[in-house]
Amino acid sequence: MSQHILTAVAWPYANGPRHIGHVSGFGVPSDIFSRYQRMAGNKVLMVSGTDEHGTPIQVQADREGVTARELADRYNRVIAEDLTSLGLSYDLFTRTTTANHYSISQEIFKGLFANGYVFPRTTMGAVSPTTGRTLPDRYIEGTCPICGYDGARGDQCDNCGNQLDPIDLINPRSRVNGETPKFIETEHFMLDLPAFTEALGSWLQGKQGDWRPNVLKFSLNLLGDMQPRAISRDLDWGVPIPLDGWRDRNDKRLYVWFDAVIGYLSASIEWARRSGEPDAWRQWWQNPDARGYYFMGKDNIVFHSEIWPAMLLGYNGEGARGGTPGSLGKLALPSEVVSSEFLTMEGRKFSSSRQVVIYVRDFLARYDADALRYYIAVAGPENQDTDFTWSEFVNRNNGELVAAWGNLVNRSISMAAKNFGEVPEAGELTDADRALLARSRAAFAAVGAELERSRFKNAVTEAFEVVREANRYLAEQEPWKLKDDPARVKSILHVALQIVDDAKTLLTPFLPGSSNKVYAMLGGKGVWSGMPEIRDVDEDGGKPYPVITGEYDGAATWQSIPVRPGTPLAPPTPLFPKLDSKVVDEELARLADGR
RNA sequence: GGGGCGGUAGCUCAGCCGGUCAGAGCAGCGGACUCAUAAUCCGUAGGUCGUGGGUUCAAGUCCCACCCGCCCUACCA
């Protein structure tokens with residue numbers, strides 16, 4: 001039975017290139033999941049984009065003497081290239097600065113407003129006296145009123161650890177330009193989160209036993225103290241507020257987090273329009289059988305398990321104040337929130353500013369995308385923070401990808417090509433033959449079950465067991481010693497090639513690039529598992545921008561496909577390059593240099 | 001300060017509701033083999049499961065306290 005699966009992937013903030021910690025949290029896991037779901041016959045819509053509004057981008061743009069839009073343009077393209085080169089199979093990776101996104105964000109705001117879940121409130125806030133823009137707490141520093149430390153941030157003192165209110169700082173100053181912030185009364189719109197406490201509570205209770213327990217526990221706990229949350233800022237970079245008297249104001253915009261989470265919906269709608277069926281998105285958002293899986297790092301849980309669901313409930317008219325659905329109709333809440341822990345780097349936190357960082361593009365300039373994907377799948381931060389080390393990377397690559405899987409492909413195809421030049425016919429099968437074939441077929445259900453639960457580590461380990469079994473099988477059968485029994489050699493190699501073919505299918509979600517190679521080596525025609533590409537598109541004659549998209553309806557399906565005897569085989573070339581152990585030292589030196 | 005998560009063999013990590021859970025993969029040691037990118041296969045692991053208490057017939061597995069690390073704490077996104 002084919003199901004509609006929405007894979008909603010966290011939106012990277014467009015203030016720099018992505019590092020491998022970012023893609024280990026939201027990128028690779030969401031792609032493994034989506035590729036599997038497509039192979040299993042489901043209709044996947046995988047969407048994301050760059051998140052481009054907000055103060056940090058404005059500040060960085062000012063610093064560089066460019067406009068916020070120019071900075072966002074630059075990093076939107078850089079990030080799209082990072083994600084494409086990793087083979088992440090987005091149906092649409094767009095951005096938050098499109099006219100479509102503006103209009104959908106405004107529609108959600110209006111729906112919430114009409115149902116009474118958004119209200120204005122005058123608050124005290126810091127702004128820059130020269131620009132009039134909101135100055136977020138952490139852009140303010142001064143002397144801590146508690147311990148007297150001079151470098152305290154507006155939200156917290158790094159010295160004594162106390163939480164602060166910026167208005168209490170002694171000699172407050174802006175970290176952007178050193179000026180003294182002005183504390184003014186300013187009117188903002190608030191999202192009435194307390195009105196959703198009950199609705200969110202019963203929704204979350206229904207996820208018991210389904211979600212990862214840490215996400216659920218964390219989310220339920222937050223319900224105890226829901227407060228209204230501001231959804232607008234004093235800023236000119238963002239989505240205008242769609243109400244009379246506000247629409248044309250140049251100093252008020254929707255707060256970036258509010259428009260960013262709406263991206264999942266607006267990107268789905270943009271995808272549908274580009275696909276020529278403008279209403280197609282409704283299959284993923286309004287069909288009761290559809291499921292929505294959201295992928296993110298642990299720092300983003302609250303937005304996906306609390307705030308975005310609250311926004312959807314409010315738009316649907318399902319909070320404490322009731323109401324009616326907005327013009328788009330009722331929208332579905334997340335089915336599952338899949339969050340990752342953090343990847344650290346040689347024992348330290350990733351930090352671009354402190355040069356503790358490995359950028360995706362630098363990594364992929366020197367190593368295979370599948371090597372990184374494999375590392376993240378097998379040793380990534382799925383259940384707890386995990387540490388990336390170069391020596392572990394080299395070990396995994398050489399010991400598992402090259403020595404176990406690459407070698408199995410190589411030895412099997414090599415023997416068959418050398419002796420027969422084609423996939424040989426199997427004769428009568430022995431118990432050992434049948435046992436291995438059965439083991440491999442059974443793996444589809446086992447690995448699939450793990451993937452459906454987003455247990456990627458278990459899944460890839462299970463798939464690799466088949467590879468190890470096959471190497472064991474060849475060692476036991478010793479076809480190279482059976483020169484006087486060609487019929488038996490044919491059977492053994494037939495079985496071995498069948499397992500190679502099965503394993504390439506099982507590994508496709510994790511290692512799509514190399515599985516495509518194995519598919520071709522075994523005589524497969526056309527595309528096995530599609531890869532993403534960047535296309536420049538425009539919107540109503542507007543400025544072109546890059547999106548990631550692709551055709552992913554390849555031949556790949558989640559089942560054992562019999563190899564065809566007689567298929568010509570050429571001597572194989574190695575699937576993965578073996579890495580010299582010197583790269584560990586080279587990379588560590590690079591880190592020390594800050595290169 | 002409050003909340004959440006984690007601290008398991010040299011390394012990176014699995015261990016859901018308590019009772020073959022003390023594990024896997026690397027690395028190490030010994031052996032076999034040669035089809036294959038010196039790859040593969042077999043054998044070999046005595047780690048007080050962060051510390052100290054408690055519950056239980058039985059606790060990495062539940063409870064409490066403490067130590068360490070990470071995340072959130074709603075004006076970073």
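The sequence lines fix the lettering, A, B, ..., with proteins before strands; numbering per chain opens at 1.
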When we call it a touch if two heavy atoms are under 4.0 Å apart, what does A:Pro574 touch: a base, just sugar-phosphate, or nothing?
-> base
Polar pair under 3.5 Å, donor/acceptor by atom type, side chain A:Asn407, base B:A36 | yes
Residue among A:Tyr264, A:Phe295, A:Trp257 satisfying ring-ring contact (aromatic ring centres under 6.0 Å, His included) with A:His304 = A:Tyr264
Looking at side-chain heavy atoms only, is the closest gap between A:Leu193 and A:Pro228 below 4.5 Å?
-> no
Which base sits across from B:C35 as a Watson-Crick or G-U pair, both distances under 3.5 Å?
-> none
Report the residue (A:Asn221 or A:Val467) whose heavy-atom-nearest nucleotide on RNA chain B is the more 5′ of the two.
-> A:Asn221
Quick one: which protein N/O atoms are closer than 3.5 Å to N/O atoms of nucleotides 7-9 of chain B? Pair and distance per line, please.
none

May I ask you to say what A:Leu135 touches in the nucleic acid, namely base, sugar-phosphate or nothing, with a heavy-atom cut-off under 4.0 Å?
-> base
Regarding the side chain of A:Tyr255, the nearest nucleotide among B:U37, B:A77, B:C41 is B:A77
Counting heavy atoms from C-beta on, name the nucleotide in B:U12, B:C75, B:U37 closest to the side chain of A:Leu575.
-> B:U37
C1' gap between B:C66 and B:A58, integer Å | 26 Å
Distance between the C1' atoms of B:G47 and B:C11, in whole angstroms?
-> 14 Å
Do A:Thr461 and A:Asn458 meet the criterion of a side-chain donor-acceptor pair at a distance under 3.5 Å?
-> no
What is the distance, rounded to the nearest whole Å, between atom CZ of A:Phe189 and atom P of B:C75?
-> 17 Å
Hey, does A:Thr55 reach any base, or is it just sugar-phosphate, or nothing, if we go heavy atoms under 4.0 Å?
-> sugar-phosphate
Contacts of A:Val256 and A:Phe342 projected onto RNA chain B by closest heavy atom; the upstream (5') one is A:Phe342
Only one of A:Phe393, A:Tyr367, A:Phe464 forms a ring-ring contact (aromatic ring centres under 6.0 Å, His included) with A:Tyr374, so which one is it?
-> A:Phe464
Watson-Crick or G-U wobble partner for B:G52, using a 3.5 Å limit on both distances?
-> B:C64
Sticking with atom C1', work out how far B:G23 lies from B:G15, rounded to a whole angstrom.
-> 7 Å
Paired to B:G46 by Watson-Crick or G-U wobble criteria (both distances under 3.5 Å) is none
Contact class for A:Glu476 (heavy atom, under 4.0 Å): base, sugar-phosphate, or nothing?
-> nothing
Of the nucleotides B:G25, B:C72, B:U34, which has the atom closest to the A:Asp299 side chain?
-> B:C72
Take atom P in B:C16 and the same atom in B:G52, then report the distance between them in whole Å.
-> 23 Å
Spacing of the C1' atoms in B:C72 and B:C57 (rounded, Å) = 42 Å
Within 45 degrees of the axis of the six-membered ring of A:Phe510 and under 6.0 Å from its centre: does A:Arg373 put its NZ or CZ there?
-> no
For B:C70, the nucleotide meeting Watson-Crick or G-U wobble distances (both under 3.5 Å) is B:G4
Using atom P of each nucleotide, how far apart are B:G2 and B:A65 to the nearest Å?
-> 11 Å
In terms of base orientation, is B:G60 syn or anti, with the syn window spanning 90° either side of 0?
-> syn
What nucleotide among B:C33, B:C13, B:G25 has an atom nearest to a side-chain atom of A:Arg468?
-> B:G25
Checking all strands, does A:Leu474 fall into the base, sugar-phosphate, or nothing category for heavy-atom contacts under 4.0 angstrom?
-> nothing
To the side chain of A:Asn410, which of B:U37, B:A77, B:C71 is closest?
-> B:U37
Counting only side-chain N and O atoms of A:Arg472, is one of them less than 4.0 Å from OP1 or OP2 of B:C42?
-> yes
Any side-chain N or O of A:Lys418 under 4.0 Å from OP1/OP2 of B:A36?
-> yes
Plane angle bin for A:Phe363 and A:Trp390 - parallel if under 30°, tilted between 30 and 60°, otherwise perpendicular | parallel
Can you tell me how far C1' in B:G50 sits from the matching atom in B:G69, rounded to whole Å?
-> 11 Å
Let me check something: any side-chain donor-acceptor pairs from residues 179-189 of chain A under 3.5 Å, sequence neighbours excluded? List them with distances.
{"residue": "A:Glu179", "atom": "OE1", "partner": "A:Thr130", "partner atom": "OG1", "Å": "3.1"}
{"residue": "A:Glu179", "atom": "OE2", "partner": "A:Ser128", "partner atom": "OG", "Å": "2.4"}
{"residue": "A:Glu179", "atom": "OE2", "partner": "A:Thr130", "partner atom": "OG1", "Å": "3.3"}
{"residue": "A:Glu179", "atom": "OE2", "partner": "A:Asn177", "partner atom": "ND2", "Å": "3.2"}
{"residue": "A:Thr186", "atom": "OG1", "partner": "A:Asp234", "partner atom": "OD1", "Å": "3.2"}
{"residue": "A:Thr186", "atom": "OG1", "partner": "A:Asp234", "partner atom": "OD2", "Å": "2.9"}
{"residue": "A:Thr186", "atom": "OG1", "partner": "A:Lys252", "partner atom": "NZ", "Å": "2.7"}
{"residue": "A:His188", "atom": "ND1", "partner": "A:Ser232", "partner atom": "O", "Å": "3.2"}
{"residue": "A:His188", "atom": "ND1", "partner": "A:Ser232", "partner atom": "OG", "Å": "2.7"}
{"residue": "A:His188", "atom": "NE2", "partner": "A:Asp234", "partner atom": "OD2", "Å": "3.2"}

Touch check for A:Val402, heavy atoms < 4.0 angstrom, all strands: base, sugar-phosphate only, or nothing?
-> base
Inspect the contact between A:Asp236 and A:Arg133 and indicate whether a charged nitrogen and a carboxylate oxygen are less than 4.0 angstrom apart.
-> yes
Is A:Thr123 touching bases, backbone alone, or none of the nucleic acid, heavy atoms closer than 4.0 Å?
-> base
Going by atom types only, do A:Tyr102 and A:Asp259 share a side-chain donor-acceptor pair under 3.5 Å?
-> no
Who does B:C13 pair with, Watson-Crick or G-U, both distances under 3.5 Å?
-> B:G23
Select base, sugar-phosphate, or nothing to describe what A:Arg133 touches, counting heavy atoms under 4.0 Å on all strands.
-> nothing
Rounded to the nearest angstrom, tell me the gap between atom CD1 in A:Ile307 and atom P in B:C72.
-> 13 Å
Look at the side chain of A:Lys298 and decide which nucleotide, out of B:U37, B:U34, B:C71, has an atom nearest to it.
-> B:C71
So what does A:Phe464 touch, heavy atoms closer than 4.0 Å: a base, only the sugar-phosphate, or nothing?
-> nothing
Do A:Trp11 and A:Thr96 touch side chain to side chain, with heavy atoms closer than 4.5 Å?
-> yes
Considering only side-chain heavy atoms of A:Asn300, which listed nucleotide, B:A77, B:G25, B:A36, is closest?
-> B:A77
Shortest side-chain distance from A:Asn471, nucleotide among B:C41, B:A36, B:A77 = B:C41
Would you say the side-chain atoms of A:Tyr375 pair up with the backbone N or O of A:Gly380, donor to acceptor, closer than 3.5 Å?
-> no
Spacing of the C1' atoms in B:C76 and B:C64 (rounded, Å) | 36 Å
When all nucleic acid strands are considered with a 4.0 Å heavy-atom cut-off, which category describes A:Met296: base, sugar-phosphate, or nothing?
-> nothing
Measure from the side chain of A:Ala403, starting at C-beta and using heavy atoms only, and say which of B:G25, B:U12, B:A39 lies closest.
-> B:A39
When you measure from the side chain of A:Trp480, which nucleotide among B:C70, B:U37, B:C35 comes out closest?
-> B:C35
